[in-house]
Student: 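Structure provided below as C-alpha cells; questions to follow.
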Amino acid sequence: MLARDLLEALAGGDAVSGAALARRAGVTRAAVWKQIEALRLKGVPVEARVGGGYRLPWRTELLDAQAIKAGLAPGTAARIGMLEVHWDIDSTSSELARRIPVLDDLSFVLAEAQSAGRGRRGRTWLSPPGMNLYLSVLKRFDGGFASLSGLSLAVGVMLLRALAELGIRTPGLKWPNDVLAGNAKLAGVLVELSGEYSGPCAAVIGVGLNIRLPDTLHERAGQPITDLASLMGGDPPNRNRIAAAVITELAEGLVAFERHGFAAFADDYAANDLLRGESLRIIDPRGEYDATGEGVDERGALRVRRANGEVSIVDSAEVSVRKAAP
C-alpha cells in the first residue's frame, strides 16, 4: 500500500479499520501502520482510536487532473499547455525548471506534497499532502527580465481574483509576494527567471495556497498563518475546484501581463495593498529603518516615506518588510 492509496481511502473523513485498509490493499496491517506513520511524518493528522480505526479530522479530496480541467473556465483548457498532478516531488517549480526546453507555454505542475518546497529568500514552504494547493506555471516572455517588473505583485492580484470567484473576499496583499488574511499568511508567490536579460526568457511562478492547516504546521511555520477553512467556517471549496479557479486566473492574467505589464494590475493591487499608510520596519542588509508605506510605483517597487519625509524605493530581493511594533 502506498501512502497515496491510504490517504485516498481515508479522504471521506469516516473511520476505517486497519483490517479493512489491509484487505483493500492486499497487504498486512503492519504495512498499513507503516504508511500511516509515513503520512504523519509528512504532516497529515491521521487519528487513531483503539477499536475505532483510523480517520482524518475532516473530509478531503485528492487532486485530479481531469477534474481540474473540467472546472476550468471556457477557453482556458485550450490556452494552457501541459497540466500534471504529482503525488510527491521535490518542488513543482523545480519540476518545471528541469523541463523548460521541452514544455509548452502556460504548462502547469501540481503536487499533493513537496519534499523541498520553497518560498522567498530560500525559506522552506511546508507542504503536507492532501490539505493545500501547491502549483507552478511556466510562462515565456519575449521582452527579457526588464519587462517583468511587478510580476509577483500581479500574480498576487490574480490569486485574489481566483479567491473572489470562490466567494472569498477578505484577503489582501503584502509586498512583494504574500496574500494575507487577518495579518496571517494565506498564500505565497515565488517567481524564478531564466533566459536573456533583454531577450527571450521564462518565468517559473510557484504558488502555495493554504486550504487546511493542522495545528502542527502552525507551530512549525515561524509566522502567523491561516487557511481557507478558517475563513469559511470550516467548509472550504473542494481542492480541485480551487485549483481550477487559480489556474484559470493565472492563465488569463499572465497573458494580460505579457501584453500590458504591471499597469494592467496596478489599480487592483493598490485597492488591496495592506502596507499603504502603515508604519513599517524595513530590514535591509545595509541597515534597518522605520518608514510609512506609500504604495508601489509603476514597476511594482515599494515606496516608503522615512521619518524625515524622504521617499525611498524598496525593490531588493534581500529586503524584508514588516509592520512596525506598536
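Everything numeric in this text was worked out from a predicted model, so none of it was measured.
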Student: Of the non-hydrogen atoms in M131 and G43, which two are nearest, and what is the gap between them?
Tutor: CE-O, 3.4 Å
Student: Evaluate the side-chain proximity of L6 to V46: yes if any heavy-atom separation is below 4.5 Å, no if none is.
Tutor: no
Student: Would you say V191 and L148 make side-chain contact, with heavy atoms under 4.5 Å?
Tutor: no
Student: Check side chain to side chain contact (heavy atoms under 4.5 Å, CB included) between A48 and all other residues, then give those that pass, not counting sequence neighbours.
Tutor: R40, Y54
Student: Parallel, tilted or perpendicular, judged at 30° and 60°: which one describes the rings of F141 and F257?
Tutor: perpendicular
Student: Using the side chain to side chain contact (heavy atoms under 4.5 Å, CB included) rule, take K42 and D88 through it: C-alpha gap first, then chi angles, then the decisive distance, then the call.
Tutor: CA-CA 10 Å; K42 290 180 178 292; D88 191 357; 2.5 Å; yes
Student: For T92, does its backbone N or O pair with a side-chain atom of Q114 as donor and acceptor, under 3.5 Å?
Tutor: yes
Student: Would you find a donor on one side and an acceptor on the other, under 3.5 Å apart, between the side chain of E84 and the backbone of V109?
Tutor: no
Student: May I ask you to test the L135-L250 pair for a side-chain heavy-atom distance under 4.5 Å?
Tutor: yes
Student: Could you tell me whether a side-chain N or O of T226 sits under 3.5 Å from a main-chain N or O of A181, the two making a donor and an acceptor?
Tutor: no
Student: In a table with atom names and distances, give each donor-acceptor pair under 3.5 Å that connects a side chain of residues 14-21 to protein atoms at least two apart or in another chain.
Tutor:
residue, atom, partner, partner atom, Å
S17, OG, A20, N, 3.0

Student: Can you give me every donor-acceptor pair (side chain of residues 302-310, partner residue at least two apart or in another chain, under 3.5 Å) with its distance?
Tutor:
residue, atom, partner, partner atom, Å
R303, NH1, E294, O, 3.2
R305, NE, E294, OE2, 3.2
R305, NH1, G309, O, 2.9
R306, NE, S312, OG, 3.0
N308, OD1, E310, N, 2.9

Student: Can you name the side-chain hydrogen bond (donor to acceptor under 3.5 Å, both in side chains) partners of K323, sequence neighbours left out?
Tutor: N183
Student: Any donor and acceptor pair, going by atom type alone, linking the side chain of E196 with main-chain N or O of C201 inside 3.5 Å?
Tutor: no
Student: Considering only heavy atoms from C-beta outward, does the side chain of M232 approach that of L166 to under 4.5 Å?
Tutor: no
Student: Once side chain to side chain contact (heavy atoms under 4.5 Å, CB included) is applied, do any residues pair with L274, and if so which ones, sequence neighbours excluded?
Tutor: L180
Student: Determine the minimum heavy-atom distance between G144 and S147, stating which atoms define it.
Tutor: O-OG, 2.7 Å
Student: Taking side chain to side chain contact (heavy atoms under 4.5 Å, CB included) as the definition, give me every residue that meets it alongside N240, ordered by chain and number, with sequence neighbours left out.
Tutor: E61, L63, D64, A67, I68, N238
Student: Would the distance check show the side chain of Y134 and the main-chain N or O of G206 forming a donor-acceptor pair, the cut-off being under 3.5 Å?
Tutor: no
Student: With rounding to the nearest 0.5 angstrom, report the CG to CG distance, D5 to L10.
Tutor: 11.0 Å
Student: Name all residues meeting the side-chain hydrogen bond (donor to acceptor under 3.5 Å, both in side chains) criterion together with K174; count only those two or more places apart in sequence or in a different chain, and write none if there are none.
Tutor: none
Student: Do W175 and L153 have side chains that get closer than 4.5 Å, going by heavy atoms?
Tutor: yes
Student: What's the verdict on side chain to side chain donor-acceptor pair (under 3.5 Å) for S107 and D104, showing C-alpha distance, side-chain angles and the deciding distance?
Tutor: CA-CA 6 Å; S107 287; D104 292 330; 5.5 Å; no
Student: Report whether M82 and I100 are members of the same hydrophobic cluster (ILVMFWY, side-chain heavy atoms less than 4.5 Å apart, transitive linking).
Tutor: yes
Student: How about D315 and D297: do any of their side-chain heavy atoms sit closer than 4.5 Å?
Tutor: no
Student: Run the side-chain hydrogen bond (donor to acceptor under 3.5 Å, both in side chains) test against S152 and tell me which residues pass, sequence neighbours left out.
Tutor: none
Student: Out of curiosity, L106 CG to I247 CD1, how far, rounded to the nearest 0.5 Å?
Tutor: 11.0 Å
Student: Just jot down the salt bridge (Lys or Arg N to Asp or Glu O under 4.0 Å) partners of R4, sequence neighbours excluded, or say none.
Tutor: E8
Student: What is the minimum heavy-atom distance between F265 and R161, and which atoms define it?
Tutor: CE2-NH1, 3.5 Å
Student: Check for a donor-acceptor pair, side chain of N210 on one end and backbone N or O of D227 on the other, with a separation under 3.5 Å.
Tutor: no
Student: Any salt bridge (charged side-chain N to carboxylate O under 4.0 Å, His left out) involving residues 280-289? Give me the pairs, sequence neighbours left out, ordered by first then second residue.
Tutor: R281-E288, R281-D290, D284-R286
Student: Sorted by first residue and then second, give each salt bridge (charged side-chain N to carboxylate O under 4.0 Å, His left out) pair with at least one member in residues 250-263; sequence neighbours left out.
Tutor: K139-E258
Student: Going by salt bridge (Lys or Arg N to Asp or Glu O under 4.0 Å), name the residues that satisfy it together with R212, two or more places apart in sequence or in a different chain.
Tutor: none
Student: For the atom pair CD1 (I211) and CG (L133), what is the distance rounded to the nearest 0.5 Å?
Tutor: 5.0 Å
Student: Taking atom CH2 as the centre, does W87 end up with more than 12 heavy-atom neighbours from other residues, nucleotides or ligands that are less than 6.0 angstrom away?
Tutor: yes
Student: Once rounded to the nearest 0.5 Å, what's the spacing between atom CG of L103 and atom CG of L96?
Tutor: 6.0 Å
Student: Once you round to the nearest 0.5 Å, how far does CG of L186 lie from CG of L163?
Tutor: 6.0 Å
Student: Could you tell me the separation between the CG atom of L138 and the CG atom of L254, rounded to the nearest 0.5 Å?
Tutor: 10.0 Å
Student: Is the backbone of N132 close enough, under 3.5 Å, to the side chain of R239 for a donor and an acceptor to pair up by distance?
Tutor: yes
Student: I'd like to know whether CD of E165 has more than 12 heavy-atom contacts from other residues, nucleotides or ligands below 6.0 angstrom.
Tutor: no
